[in-house]
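Notes follow the structure.
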Amino acid sequence: MIGRGPLLGGLGALFASAAWAQAPAPLLDQAALTAQAERVERHADALSRLWPGYWPQTQPFILYAPNVGAVFGGDRLPDTPRFRPGRLEGAEFHFVLDYPSGRPDTVLLRPDDPDDDLSTLFHEQFHDYQNTAFRWMSGDGHQEFVDLNAISDLAGFIAALDLERLVLQAALLEPDATARRRLARTYLALRSARSAELPSEILAVQQQREWSEGTAEFIGLQAGNLIADRPDEALPRAIARNLGVPGDDDMSLVSELFRWRAYPVGAALTWLLADLDADQWRTHISRGVPLDVLLRQTIGEGSHEDVSTAAARFDLPALKAQAAERLNQAPKGVTSREAFLDQAPHWLVLEVKAPGVRGKDVQLSFSAGAMTPLADGGIALPRGTVVMEAPGFTLKSEGVPALIDVPTGVVAEGMTIHTVTLPVSLAELREFRAGETILLKNQDLSLHITAPGEIHQQAGQTRISLTLPQEP
């Protein structure tokens with residue numbers, strides 16, 4: 001799982017790149033990377049029409065394999081070669097948005113193998129497009145943490161979600177348009193019944209994730225099918241297949257229920273809106289109308305009889321039993337900041353403050369096999385990789401716990417604050433002074449700060465702060 005900053009939608013990437021173990025794939029080489037880039041460029045006109053303004057015909061992109069090199073596609077500087085051998089600076093992760101290629105909005109991806117349809121490339125670039133073209137209609141729904149204690153019957157809630165996904169899956173696989181419409185209406189009726197007693201903040205999280213991640217997933221799969229020359233019916237089949245994929249065993253329950261599931265559910269709702277050719281559906285989505293609301297406005301919802309029929313067809317009692325077992329086996333993990341900080345005797349807190357106009361000068365990326373959102377807005381990584389860069393500041397940590405405090409916008413005194421907390425012994429930090437260059441390197445951590453503004457030490461914690469000036 002991967003997150004990318006400056007976090008204007010970057011957490012949409014947390015689960016976008018999950019992969020399952022398969023037989024060894026053919027190795028990427030220069031010819032394979034070039035062939036993939038040529039496929040994208042060959043379909044440039046069709047890609048530009050998927051969503052107006054999203055992927056211009058000259059969209060700059062880079063396909064990269066660290067042991068081979070990089071192929072530059074789309075628009076590039078006149079002196080930029082088509083292929084550059086060797087490693088690229090700043091390409092630590094599976095994808096990078098706004099890669100500094102000399103052309104704005106360059107997106108970089110490491111393909112998995114020569115047969116990769118590059119859906120992640122298109123998914124992540126759609127998030128970059130959303131940052132400026134989409135506006136969520138509500139102030140609620142952006143938080144990662146959801147208090148599951150607010151759901152009185154959690155097993156019943158999970159079973160209802162599973163029933164909805166099965167009905168949605170059946171709708172996407174149904175070849176008859178009338179029957180498909182009825183299944184979609186049944187899905188909406190089931191969803192209304194489940195949502196009736198839920199707190200509004202939980203509903204907002206669900207809808208916002210489907211709106212942001214679901215549309216990106218839809219576009220990613222649609223574009224991947226396009227450049228792979230697959231038939232139109234392959235798209236709903238791919239989404240339907242993803243509706244049946246369970247979350248990882250070590251994923252937190254909150255992440256599974258409110259993020260993992262939002263990808264295929266939101267993609268399915270978007271596909272249904274496109275299939276129905278709903279009136280100005282792209283415009284309504286970009287203005288923040290939740291996908292289920294827009295679909296309900298288009299086709300209405302089913303009856304009580306439809307709900308009863310679906311519950312019998314997909315064996316709701318069995319789904320409830322499975323949900324109860326899932327709850328029994330759910331990993332507990334770290335659930336609070338205090339519990340996380342109990343893992344080590346001393347922590348290094350790195351804080352980079354940027355004026356609102358310089359928010360994009362701070363780049364924060366992180367990846368881990370599992371992540372847990374905390375109630376206070378932090379994200380706990382039990383083991384992972386963190387990279388943060390800003391003028392005068394470079395951090396890379398690998399294989400250690402990390403706590404990420406995600407900026408939610410402009411905060412006190414017009415500053416956006418990025419904070420990373422890492423376990424570092426006090427002995428390694430004693431000699432540092434404000435205003436003096438910091439160089440710290442061990443097997444897990446590399447840190448370089450040209451001139452830290454403040455250093456504060458207290459029991460169990462050393463906080464180092466850097467504030468960027470108003471002007472570069």
Side-chain angles (χ1 to χ4, degrees), residues 3-7 10 87-93 96 98-100 337 340-368 377-407 411-472:
R4 177 72 188 173
L7 278 299
R87 303 181 74 88
L88 290 181
E89 289 289 330
E92 304 283 349
F93 292 90
V96 181
D98 297 316
Y99 185 82
R337 183 175 296 263
F340 182 86
L341 295 177
D342 282 343
Q343 298 178 95
H346 197 84
W347 294 85
L348 172 61
V349 181
L350 296 167
E351 184 178 70
V352 178
K353 302 177 182 180
V357 295
R358 299 198 64 189
K360 277 204 167 187
D361 289 342
V362 183
Q363 295 291 316
L364 171 61
S365 306
F366 50 95
S367 68
I379 298 178
L381 283 61
R383 292 286 186 275
T385 297
V386 179
V387 175
M388 185 157 66
E389 298 177 343
F393 183 102
T394 303
L395 163 72
K396 183 176 181 180
S397 74
E398 295 185 279
V400 297
L403 182 62
I404 310 295
D405 284 295
V406 180
V411 293
E413 300 177 354
M415 292 286 182
T416 299
I417 303 176
H418 297 69
T419 306
V420 176
T421 302
L422 303 162
V424 179
S425 69
L426 178 59
E428 295 182 89
L429 304 172
R430 287 187 188 278
E431 304 303 319
F432 296 145
R433 300 289 183 269
E436 298 178 2
T437 297
I438 290 177
L439 289 172
L440 176 61
K441 191 173 182 65
N442 57 39
Q443 64 179 7
D444 303 317
L445 175 68
S446 175
L447 174 66
H448 181 198
I449 308 177
T450 303
E454 300 176 27
I455 299 180
H456 299 287
Q457 289 192 337
Q458 60 189 72
Q461 182 183 108
T462 298
R463 178 178 294 268
I464 301 177
S465 299
L466 174 70
T467 301
L468 301 185
Q470 190 74 23
E471 300 292 335

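Just so it is clear, the model here is predicted, and its values are computed rather than measured. Computed over heavy atoms, backbone and side chain alike; hydrogens, waters and symmetry mates excluded.
Of the inter-residue distances, the one linking Leu468 atom CG with Asp361 atom CG reads 6.5 Å to the nearest 0.5 angstrom. One finds the CZ atom of Arg463 at 7.0 Å from the OG1 atom of Thr421 (value rounded to the nearest 0.5 Å). Between the NZ atom in Lys353 and the CG atom in Leu466 there is a gap of 10.0 Å [rounded to 0.5 Å]. Leu403 contributes atom CG, which lies 9.0 Å from atom CD1 of Ile379 (distance to the nearest 0.5 angstrom). Separating the CG atom in Leu440 from the CG atom in Leu395 is a distance of 9.5 Å, to the nearest 0.5 Å.
With sequence neighbours excluded, no residue forms a ring-ring contact (aromatic ring centres under 6.0 Å, His included) with Phe432.
Counting heavy atoms from C-beta outward, Leu447 and Ile438 have side chains that approach closer than 4.5 Å. Looking at heavy atoms from C-beta onward, Val400 lies out of side-chain contact with Leu445 at the 4.5 angstrom threshold. Put simply, the side chain of Phe393 reaches to within 4.5 Å of the side chain of Leu350, judged on heavy atoms. Residues Leu348 and Val420 are not in side-chain contact: their nearest non-hydrogen atoms beyond the backbone lie 4.5 Å or more apart. Side-chain contact between Pro355 and Met415: present, with at least one pair of heavy atoms (C-beta onward) separated by less than 4.5 Å. No side-chain heavy atom of Gln363 sits under 4.5 Å from any side-chain heavy atom of Asp98.
Listed here is the closest heavy atom pair of Met388 and His418: SD-CB, 3.8 Å. For Ile404 against Phe366, the heavy-atom pair with the smallest separation is CG2-CE2, 3.9 Å. Shown here for Val96 and Ala91, the closest heavy-atom pair between the two residues is CG2-CA, 4.2 Å. Residues Val362 and Ala390 share a closest heavy-atom pair of CG2-CB, 4.2 Å. The two atoms that bring Ala451 and Gly435 nearest to each other are CB-O, 4.1 Å, heavy atoms only. Summarising the geometry of Gly399 relative to Arg383, their closest heavy-atom pair is O-CD, 3.0 Å, with the distance given to 0.1 Å.
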Legend entry - side-chain contact (heavy atoms from CB on, under 4.5 Å) between Leu381 and Val386, intermediate numbers included: CA-CA 9 Å; Leu381 283 61; Val386 179; 4.3 Å; yes
Inset, instruction - Give the C-alpha distance, both sets of side-chain angles, the deciding distance and a yes or no for side chain to side chain donor-acceptor pair (under 3.5 Å) between His456 and Glu454. - result: CA-CA 7 Å; His456 299 287; Glu454 300 176 27; 3.0 Å; yes
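Annotation: side chain to side chain donor-acceptor pair (under 3.5 Å) contacts involving residues 428-445, sequence neighbours excluded, comprise Ser425-Glu428, Glu428-Asn442. For residues 384-397, the set of pairs meeting the side chain to side chain donor-acceptor pair (under 3.5 Å) definition, not counting sequence neighbours, comprises Glu92-Lys396.
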